[in-house]
Every structure is written in C-alpha cells, then in structure tokens.
J.: 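Would you mind keeping the following structure in view while I ask a few things?
One is the number of the first residue; the rest follow in order along the sequence. In each ligand, atom 1 is the first atom listed, and ligand 1 is the first ligand listed. We use all heavy atoms of the structure for the numbers below, so side chains are in, but hydrogens, waters and symmetry mates are not.
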Amino acid sequence: MNPSIPFREFKKVLVANRGEIAVRVIRALREEGIRSAVIYSDPDRRGLAVLLADEAYRIGPAASRDSYLQGPAIVELAREIGADAIHPGYGFLAENAEFSELCEKRGVSFIGPSSAAIATMGSKIESRRLIAGAGVPVVPGGTDALETVGEAVAFAEEIGYPVMLKATAGGGGKGMRLVLEPDGLKGAYRAARSEAGASFGNDSVYMEKYIERPRHVEVQILGDEHGKVVALGERECSLQRRHQKVVEESPSPVVTPELRREMCEAAVKAARSVGYTNAGTVEFLLDPSGEFYFLEMNTRLQVEHPVTEMVTGLDLVRAQLGIAQGRALGEEYEALQPNGHAIEVRIYAEDPYHGFVPSPGRIERLRWPEGPGVRNDAGVYEGSEVSIHYDPMLAKLIVWGRDRQQAMDRLARALAELRIEGIHTTVPLFRALLQDVDFVAGNLDIGMLDRKLAAGELAPERHSEFEDLAVIAASLEHLANQARASGSPAKRGGRRSQWRHAGRRDSLRGEPWS
Ligand code: ADP
C-alpha cells in the first residue's frame with residue numbers, strides 16, 4: 001500500500017458503451033453505490049442499458065463513428081454531467097490510447113490502464129520486444145517490420161514455412177496472412193501490407209512462425225497503483241470461428257496446476273514489463289506439445305470475463321472500479337485456484353446455418369433460462385429491436401458446475417429452456433456442439449470449429465417451417481418500421497442494399513475485439 005496514492009471516491013461514472021457490457025458495468029456501479037450514466041445512439045434509445053442506468057445521454061446517430069467513437073464529445077459530456085470517470089467497456093474506445101490520454105488531460109479518470117500501456121501493447125512488434133525482454137516466450141519470429149519483399153523472403157527461409165504475416169498495428173485479424181509455401185509469399189506480403197494500410201493507416205508488417213493446431217489460452221490479470229499484479233487463472237478460448245471467439249471456459253481442460261502456475265507467472269511478468277494497472281488479459285498460444293507463447297495483451301475487460309468470475313467468486317468490474325479509485329488489491333486476489341468449471345456461449349443475432357448472416361429484427365419472444373448455476377449477461381429484452389449497426393452479440397449465457405461435466409449438463413439444460421423468437425441466433429449451433437464428441441471431450445484447437453463447419457458437421461436440429469416463416473415476417477416488419485422511422489418508404493432497392501451491408505461483418509463493428 002502506497003500512502004502517497006489517495007483514495008479518489010467516484011460518485012458518478014459515465015459508461016461509454018452499449019449492449020450487454022454497458023449493462024454489466026451499470027450493475028457493478030449500482031452494487032458499489034456509484035451513480036451510473038450511459039451514452040446511447042438513436043437506435044439504442046430504448047436499450048436495456050438506457051433503462052437500467054440512473055442517467056442516459058444521446059451521443060449521436062446510428063453510425064459508430066458519429067456516436068460511440070466520438071471520443072472528445074464523450075469526455076466533454078462526462079465533464080458537463082459531473083462524472084468522475086469513464087468506463088469504456090470493450091471495443092469502441094476501450095483500447096484507444098488517444099482517448100485515454102484525453103481523459104487524463106481533462107481530469108476524468110479512465111477506468112483502464114495508462115495510455116502509455118495501451119499504446120505499447122497496441123503495437124505487435126513493440127509488445128513482442130518488450131515481453132521477450134522480460135523473459136516470457138513469444139511466438140517465434142521477428143520483432144522488426146519487413147520493409148521489402150526480399151526481406152520477407154529471406155526471413156521466411158530463416159524461420160521455415162509455414163509462416164504468418166501480421167500487421168504491426170493489427171487487430172481483428174486484419175492484415176494477417178498464412179503462407180504455407182515459398183510460392184505464396186510475395187502475393188501474401190503485398191496483400192497483407194495493403195490491407196494493413198487500409199485498416200490501420202499503417203502498412204508495416206512482420207512475420208511469425210505459424211503454430212500448428214494450437215489452443216488459445218489466456219490469463220486474466222489485475223494490477224493496482226501500488227505495484228501489485230495478480231493473475232486470476234486461465235480461460236480456454238479455442239472454439240473460434242474465423243479467429244473470433246464463440247465459446248469460452250475456465251479452467252482449460254488441458255491446463256494442469258503446474259502449467260497454470262507457469263502461465264500465470266509469465267502473464268504477471270508481461271504485465272509488469274509495462275507497469276500495467278487495472279484489468280488486462282495476456283493471450284497465449286499453447287501448442288500440442290505443451291509449449292506456450294505470448295500472442296498479445298488486451299488492455300481492457302474481455303467479453304469472456306464472466307467465466308473467470310464464476311470460478312474465482314470475484315467481481316472483475318468492481319475490482320476495476322476499486323483500482324481506478326486508488327484502492328490496493330487485497331489478499332482475496334492472491335493464489336487463487338479455480339473452484340469448479342464455467343462455460344460461456346456467445347449468443348449472436350446471426351444465422352449459423354446460412355453463412356452467419358446477421359439477423360436483425362424484433363425479439364418477439366424471449367425466455368431466459370434460470371435455475372442453479374446459470375447466469376445471463378444480456379443487452380436485450382423481449383421486444384428489443386436488434387439493429388444492424390453494431391456487433392451482433394445479444395447476450396452471453398454462462399453456466400457453472402462443480403466440474404466440467406456438470407457445467408456441460410447445465411449448459412444443455414439451459415439451452416433447452418432458452419427461447420428467442422423473431423430473429424435467428426447462434427443458439428442452435430451450441431445445441432449441436434453439445435452433441436460433438438470432440439467438444440464434449442475438450443479436444444479443441446483454434447481451427448476446429450471452422451473445420452467442422454466446413455465439413456458440414458454440427459448440423460442443426462430440425463426446426464419447423466413455421467419458425468422460419470415467423471423469422472422472415474418479423475425481419476420484414478422490422479425493416480418496414482425502420483424505413484418508416486427514417487421517413488422513407490421501404491423501397492426494394494433500399495432494403496436489398498441494407499442486407500448486403502449487413503453481410504459484411506466488419507462493417508458492423510466499431511473496433512474489433514475478442
Ligand atoms: P489480431 O490482433 O488481429 O486478432 P492475433 O495476433 O490476436 O491477431 O491473432 C488472432 C488469431 O490468429 C489467434 O487467436 C490465433 O487463432 C491465430 N494466430 C495468430 N498468430 C498465429 C500464429 N503465429 N500461429 C498460428 N495461429 C496464429
């Protein structure tokens with residue numbers, strides 16, 4: 001405990017986000033006795049977060065760049081309404097070093113790490129240099145940008161194929177290319193650079209060795225302003241679709257207490273190397289031989305934080321609030337071992353059996369599962385309109401059991417109780433996964449779900465034509481309502497282009513996150 005760091009009591013916090021994570025933060029604020037304010041865009045004016053917060057402020061129209069990404073306007077709003085701090089949630093401005101710096105300058109606490117830590121971890125080569133220097137294994141490969149094709153060819157020869165080209169400013173899988181053989185390198189190098197330039201305004205790329213069939217295992221850390229950094233165990237996030245996490249669990253089915261200790265120590269070292277404060281996640285690739293390598297650090301709360309909460313009994317958002325007010329982390333955060341097993345499934349408004357096309361519309365009927373060991377973190381309610389403007393994640397369903405088997409049984413039971421009508425969701429995919437021998441046995445790797453989907457495995461349960469018709473009718477009504485609200489008739493052409501836009505998933509997101 002450093003007595004020179006005063007306790008700065010928050011009386012009001014502005015939540016600069018939407019959907020389930022805004023709701024999650026508002027809940028923690030209420031439990032802490034702190035007043036909550038939330039921003040919203042036009043389509044979110046009746047969002048669950050707006051209904052639950054003590055205060056709500058319109059920030060702009062639908063497009064993220066005109067609303068949730070309006071950093072300076074958000075900071076000024078916080079000052080106007082007398083908020084002591086901003087919680088950025090995940091996505092949008094959560095990993096934007098300029099935004100957190102602006103908060104610092106304008107005297108509003110940013111609930112997250114320093115802008116310097118965000119900036120360092122935002123550069124893949126800078127973070128690799130720093131973390132390797134701290135004695136943590138990083139994925140083998142370079143720590144310098146490859147300026148020419150010639151340099152790329154020579155470096156690939158040195159480390160051996162297959163290799164991964166990655167944007168140094170990367171995120172969301174953009175500017176990333178797998179190259180299996182020398183023939184493909186030149187084209188991939190050019191493509192990676194141009195995609196990186198278009199996505200990040202920075203076209204520099206570097207190279208890593210491609211790790212075959214790894215698992216994605218990450219460690220949750222917390223750091224306070226008094227120099228204490230703790231690791232709260234791991235999460236297994238190997239079930240991914242195109243590098244986006246779909247199902248997460250804790251503990252990992254393959255991490256032994258010994259490996260957990262090693263990975264937690266490595267995560268703490270990584271966090272210390274940047275003087276990290278607040279909540280963060282150190283991501284590793286774990287190869288089939290049991291070697292692990294630092295992949296990247298996410299400098300914010302993760303979508304999948306609830307599985308850690310369920311097996312540790314901690315509240316990570318309340319921990320974030322305490323740290324940001326200058327509180328020291330107590331003994332309850334030390335030497336934790338997972339109690340039982342937790343699994344989270346991400347419920348997206350997407351049709352998993354038609355290319356994961358977004359499924360906007362009105363939620364006509366909604367029944368959440370309840371009962372022992374079940375938690376829903378939702379951003380919607382019955383009657384909510386699901387808009388095409390944002391990330392299509394509606395909710396997370398999290399279950400806890402005394403072991404993995406009981407957690408699986410509860411997941412199956414909870415999914416059987418769950419009803420969402422009016423839109424398509426990823427729920428049928430989870431029901432199918434529970435029938436899959438590899439998923440049930442915990443035989444996971446980051447490509448497994450994509451391979452199974454490509455092979456036509458994980459077929460849905462049969463559902464009735466009536467359900468299809470109900471979804472189509474609800475979607476049409478939703479689009480007609482939207483057209484009416486915007487004052488234009490629901491023309492066929494307009495409707496078509498909206499759907500085409502909806503098919504491009506990246507265009508729906510503010511900032512990518514995982
Ligand atoms: P981004 O920041 O763009 O999301 P990451 O570096 O986090 O990129 O990698 C995203 C995903 O790509 C990882 O979760 C993993 O599935 C895969 N991946 C990244 N690097 C490698 C590698 N060197 N070998 C194998 N898979 C990789």
J.: Near K166, which atoms of ligand 1 are under 4.0 Å from a heavy atom of that residue?
T.: 5 (P), 6 (O), 19 (C), 20 (N)

J.: Provide the number and element of each atom of ligand 1 under 4.0 Å from a heavy atom of I446.
T.: 15 (C), 16 (O), 17 (C), 26 (N)

J.: So, E248 versus Q302: side-chain donor-acceptor pair below 3.5 Å or not?
T.: no

J.: Among side-chain atoms of S238 and E236, is any donor-acceptor pair under 3.5 angstrom?
T.: yes

J.: Is a donor from one side chain sitting under 3.5 angstrom from an acceptor on the other, for T308 and S250?
T.: no

J.: Got an N/O contact under 3.5 Å between G173 and ligand 1?
T.: yes

J.: Can you list the ligand 1 atoms lying under 4.0 Å from a non-hydrogen atom of Q240?
T.: 14 (O), 16 (O)

J.: Given that the side chain starts at C-beta and the backbone is N, CA, C, O, which of these parts of I211 lies under 4.0 Å from ligand 1, counting heavy atoms, or is it both or neither?
T.: both

J.: Between E283, K124, R215, K245, which one has a non-hydrogen atom sitting closest to atom 5 (P) of ligand 1?
T.: K124

J.: Assess E212 for proximity to ligand 1: is some non-hydrogen atom of it under 4.0 Å away?
T.: no

J.: Would R375 and E344 satisfy salt bridge (charged side-chain N to carboxylate O under 4.0 Å, His left out), going step by step from the backbone distance to the final call?
T.: CA-CA 9 Å; R375 164 175 169 180; E344 171 184 282; over 6 Å; no

J.: Using a 4.0 Å cut-off to any heavy atom of V139, which atoms of ligand 1 qualify?
T.: 23 (N)

J.: Please identify which of these residues, V307, V311, L444, I398, meets the side-chain contact (heavy atoms from CB on, under 4.5 Å) condition with E249.
T.: L444

J.: Before you tell me yes or no, could you show the steps for E126 and R129 under salt bridge (charged side-chain N to carboxylate O under 4.0 Å, His left out), namely the whole-Å CA-CA distance, both residues' side-chain angles and the distance that decides it to 0.1 Å?
T.: CA-CA 5 Å; E126 243 184 86; R129 272 187 217 132; 6.0 Å; no

J.: Which of the atoms of ligand 1 are close to L295, meaning less than 4.0 Å from one of its heavy atoms?
T.: 6 (O), 7 (O), 13 (C), 14 (O), 19 (C), 20 (N)

J.: Testing the 3.5 Å rule here: is there a donor-acceptor pair between the side chains of Q405 and D409?
T.: yes

J.: When rounded to the nearest 0.5 angstrom, what distance separates CG in L69 from CD1 in I74?
T.: 7.5 Å

J.: Taking distance alone, with N or O pairs closer than 3.5 Å, would you say E208 contacts ligand 1?
T.: yes

J.: Going by heavy-atom distance to atom 14 (O) of ligand 1, choose the closest among H243, Q244, H216.
T.: H216

J.: Taking 4.0 angstrom as the limit and counting only heavy atoms of G171, give me the atoms of ligand 1 inside it, by number and element.
T.: 1 (P), 2 (O), 3 (O)

J.: Strictly under 4.0 Å, does any heavy atom of L285 approach an atom of ligand 1?
T.: yes

J.: Any side-chain donor paired with an acceptor under 3.5 Å for Q406 and H341?
T.: no

